[in-house]
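Being a predicted model, the structure only gives us computed values, none of them experimental. The chain is numbered in sequence order, starting from 1.
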Amino acid sequence: QVQLVESGGGLVQAGGSLRLSCKASGSVISIYTTAWYRQAPGKQRELVADITSGGRTDYADSAKGRFTISRDNAKNTVYLQMNSLKAEDTAVYYCAARRAITTQYAYWGPGTQVTVSS
C-alpha cells in the first residue's frame, strides 16, 4: 500500500502561482497512476490532472494551459504546478493513486487547502 501526504497549499492572489506536492511512502509512486482532485465548498470532487506510470499526463479542461502535473521518482513525489490562478480554483486539493489494472483510486491523501483571492 502507498500513503500520500499533500503540501504546498495556501493563500494566493489571483494570477499567482502555487506548487503542490504529494509525497508518497510505503511504496514506489511511479508504479501507480497518480491524480490531483479538488473539491470546492458545495461542489462535487473533480479530477484536475493525472499522470500514469508511463508518464502520460491528462488534464481537465479547466486546468489545461495553466496547470502541470509531474513526478520526481527519486523523491517519490508528484507535483502540481498551478499558474494563473483564479478565484474558482479555490478548493481542497487531494492526491490520489491507483494501480493501472483498476479504475478506482484506492489511496488518498488528507488534502491541502488552496485559496485564491480575487
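- Taking the six-membered ring for Trp and thresholds of 30 and 60 degrees, Trp108 and Tyr37 have ring planes inclined between 30 and 60 degrees apart.
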How far apart are the C-alpha atoms of Val78 and Lys23, what are their side-chain angles, what is the distance that settles it, and do they pass the side chain to side chain contact (heavy atoms under 4.5 Å, CB included) test? CA-CA 7 Å; Val78 171; Lys23 175 68 174 177; over 6 Å; no
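- Residues Tyr105 and Ala35 come closest through the heavy atom pair OH-CB, 3.4 Å.
- No path of Ile, Leu, Val, Met, Phe, Trp and Tyr side chains, each step under 4.5 Å between heavy atoms, connects Val114 with Val5, placing them in separate hydrophobic clusters.
- Take Gln1 and apply the side chain to side chain contact (heavy atoms under 4.5 Å, CB included) test, not counting sequence neighbours, and it matches Gln3, Tyr107.
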Please lay out, stage by stage, how Ile51 and Thr33 fare under the test side chain to side chain contact (heavy atoms under 4.5 Å, CB included). CA-CA 6 Å; Ile51 182 167; Thr33 290; over 6 Å; no
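- Put simply, the side chain of Leu20 reaches to within 4.5 Å of the side chain of Thr112, judged on heavy atoms.
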Test log, rule side chain to side chain contact (heavy atoms under 4.5 Å, CB included), inputs Tyr94 and Gln39: CA-CA 8 Å; Tyr94 298 92; Gln39 187 166 21; 4.3 Å; yes
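- Note that CZ of Arg19 and CG of Leu80 are 10.5 Å apart. Values are rounded to the nearest 0.5 Å.
- Applying the side chain to side chain donor-acceptor pair (under 3.5 Å) test to every pair with at least one member in residues 68-79, sequence neighbours left out, gives these pairs: Arg71-Asn73.
- A salt bridge links Arg38 with Asp89: the closest approach of a Lys/Arg side-chain nitrogen to an acidic carboxylate oxygen falls below 4.0 angstrom.
- A side-chain donor-acceptor contact under 3.5 Å links Ser17 and Asn83.
- Note: the hydrophobic cluster containing Phe67 also contains Leu18 (ILVMFWY, side chain heavy atoms under 4.5 Å, direct or indirect links).
- Taken from CD in Glu6 to SG in Cys95, the straight-line distance is 5.5 Å, to the nearest 0.5 Å.
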Before giving the answer on side chain to side chain contact (heavy atoms under 4.5 Å, CB included), spell out for Ile69 and Trp36 the whole-Å C-alpha distance, their side-chain angles and the decisive distance to 0.1 Å. CA-CA 8 Å; Ile69 189 171; Trp36 286 97; 3.7 Å; yes
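- Distance check: Leu4 CG to Cys22 SG gives 4.5 Å after rounding to the nearest 0.5 Å.
- A distance of 10.5 Å separates OG in Ser53 from CD1 in Ile29, rounded to the nearest 0.5 Å.
- Pairing each heavy atom of Ala40 with each of Ala91, the nearest pair is N-CB, 3.8 Å.
- At a threshold of 4.5 Å between side-chain heavy atoms, the hydrophobic network of Ile, Leu, Val, Met, Phe, Trp and Tyr places Ile31 and Val2 in one connected group.
- In the hydrophobic clustering of this structure, Tyr59 does not group with Leu47; members are Ile, Leu, Val, Met, Phe, Trp, Tyr whose side-chain heavy atoms approach within less than 4.5 Å, directly or through other members.
- Every residue two or more places apart in sequence or in another chain that forms a side chain to side chain contact (heavy atoms under 4.5 Å, CB included) with Gln113 is listed here: Thr90, Val92, Thr115.
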